[in-house]
Amino acid sequence: MPTQGSAHQPATELDARYSSALNPRPGAAEVTATEWAEAERLLRSAEIFWVSTVRPDGRLHVTPVIATWHDGVVYFATGPGEQKARNLSHDGHCALTTGGNSLTEGLDVVVEGTVRQVADPALLEEVIAAYETKYGPHITSPEGTFHGIGDAFRKGDAVVFAVAPATAYGFGRDDGVYSHTRWMF
């Protein structure tokens, strides 16, 4: 599966229509696009993502997942019979969203792309290592919420999906100054 490595720099643009650049607030004139490196930092550190998929009848399905950012790709997993897996077998387009809940500070990131199921055993081991590094005792400790997830990935009890960004969006807030950045890959 081709991946977009983190060394790949997407085209970046500030959308002034949805940023403070058009609003005469203090500091608004200096609003700039968020650097992709900042979005990657958030994708690496975020613990919860919301995955949006489309049901065969066109209705949306949104649910939280744990995920990891590895080599320029977001990886997440689900049981093979779960709604999101069934949706993705019908339509591989999805969006993953993460960020904060503050109105005045932080960055929210949305990654849009098409999933590919991870089948390569070597890549699967890299993804498992990335999960274990990121989530630590939640996955590695017998008392952890997701203990045994690596074995579930290896046995196929969970389907692991990769989403290389096609487009991503960043919605930044800094004490009332807002930015809307689009990254195109």
Side-chain angles (χ1 to χ4, degrees), residues 1-55 58-77 84 87-88 90-118 123 126-127 130-131 133-134 160-185:
M1 175 183 72
T3 61
Q4 310 251 347
S6 50
H8 175 77
Q9 292 299 309
T12 302
E13 70 179 23
L14 176 72
D15 191 334
R17 295 173 302 166
Y18 305 111
S19 299
S20 293
L22 298 180
N23 187 337
R25 293 172 174 255
E30 293 83 35
V31 170
T32 59
T34 301
E35 295 294 326
W36 177 242
E38 179 66 12
E40 281 190 304
R41 184 202 59 73
L42 177 63
L43 293 169
R44 277 191 300 278
S45 65
E47 293 182 342
I48 299 293
F49 291 73
W50 292 86
V51 62
S52 301
T53 60
V54 180
R55 299 173 193 259
R59 292 180 298 133
L60 294 176
H61 177 70
V62 180
T63 188
V65 295
I66 61 172
T68 191
W69 177 255
H70 175 66
D71 284 345
V73 177
V74 180
Y75 294 91
F76 70 96
K84 57 189 159 297
N87 295 348
L88 291 168
H90 168 67
D91 182 341
H93 294 95
C94 71
L96 287 127
T97 306
T98 194
N101 288 320
S102 173
L103 184 60
T104 60
E105 62 186 21
L107 176 67
D108 298 325
V109 174
V110 178
V111 172
E112 296 179 343
T114 303
V115 298
R116 300 284 182 260
Q117 188 172 340
V118 176
L123 178 57
E126 289 181 30
V127 172
Y131 264 88
T133 298
K134 180 176 185 177
V160 179
F161 292 107
V163 181
T167 305
Y169 301 92
F171 303 93
R173 296 167 307 286
D174 182 11
D175 197 25
V177 176
Y178 302 96
S179 65
H180 178 180
T181 303
R182 178 181 301 118
W183 300 283
M184 293 147 301
F185 296 83

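Starting from 1, each residue takes its place in the sequence as its number. Just so you know, these numbers come straight off a predicted model, no measurement behind them.
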Nearest 0.5 angstrom please: [X] [atom1] to [Y] [atom2], how far?
X: Arg44; Y: Lys134; atom1: CZ; atom2: NZ; answer: 10.0 Å
X: Thr181; Y: Leu107; atom1: OG1; atom2: CG; answer: 8.0 Å
X: Leu96; Y: Ile48; atom1: CG; atom2: CD1; answer: 12.0 Å
X: Glu40; Y: Gln9; atom1: CD; atom2: CD; answer: 7.0 Å
X: Trp183; Y: Thr167; atom1: CH2; atom2: OG1; answer: 11.5 Å
X: Glu112; Y: Thr97; atom1: CD; atom2: OG1; answer: 8.5 Å

So which heavy atom on [X] is nearest to which on [Y], and how close?
X: Ala162; Y: Val118; answer: CB-CG2, 4.0 Å
X: Thr34; Y: Ser179; answer: OG1-OG, 3.7 Å
X: Val163; Y: Gly113; answer: CG1-CA, 3.9 Å

| message | Angle between ring planes, Phe185 versus Trp36, binned at 30° and 60°: parallel, tilted or perpendicular? | response |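 Answer is perpendicular, since the angle exceeds 60°.
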Are the side chains of Val65 and Lys84 in contact, using a 4.5 Å heavy-atom criterion?
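Side chain of Lys84 against side chain of Val65, heavy atoms only: contact under 4.5 Å found.
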*For residues Phe171 and Val110, determine if any side-chain heavy atom of one lies less than 4.5 Å from a side-chain heavy atom of the other.*
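Side-chain contact under 4.5 Å: yes.
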Under the salt bridge (charged side-chain N to carboxylate O under 4.0 Å, His left out) rule, collect the residues that match up with [X], sequence neighbours excluded.
X: Glu126; result: none
X: Asp91; result: none
X: Arg55; result: none
X: Glu13; result: Arg182

Taking ring pair (Phe, Tyr, Trp, His ring centres under 6.0 Å) as the definition, give me every residue that meets it alongside Phe161, ordered by chain and number, with sequence neighbours left out.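 Scan of Phe161 (ring pair (Phe, Tyr, Trp, His ring centres under 6.0 Å), adjacent residues dropped) gives Phe76.
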As a test of understanding, state which of Thr98, Thr68, Val111 forms a side-chain contact (heavy atoms from CB on, under 4.5 Å) with Phe49.
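Answer to the side-chain contact (heavy atoms from CB on, under 4.5 Å) test with Phe49 among Thr98, Thr68, Val111: Thr98.
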Handout entry: Criterion side-chain contact (heavy atoms from CB on, under 4.5 Å) against Cys94, the qualifying member of Val74, Asn87, Thr53
Key =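 So the option named by the test is Thr53.
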Item to check | Side chain Tyr131, main chain Tyr75, donor-acceptor under 3.5 Å | outcome: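 The answer is yes, because a donor-acceptor pair under 3.5 Å joins these two groups.
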- Kindly state each residue pair satisfying salt bridge (charged side-chain N to carboxylate O under 4.0 Å, His left out) with at least one member in residues 97-110, sequence neighbours excluded.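 As it turns out, the salt bridge (charged side-chain N to carboxylate O under 4.0 Å, His left out) pairs with a partner in residues 97-110, which skip direct neighbours, are Asp108-Arg173.
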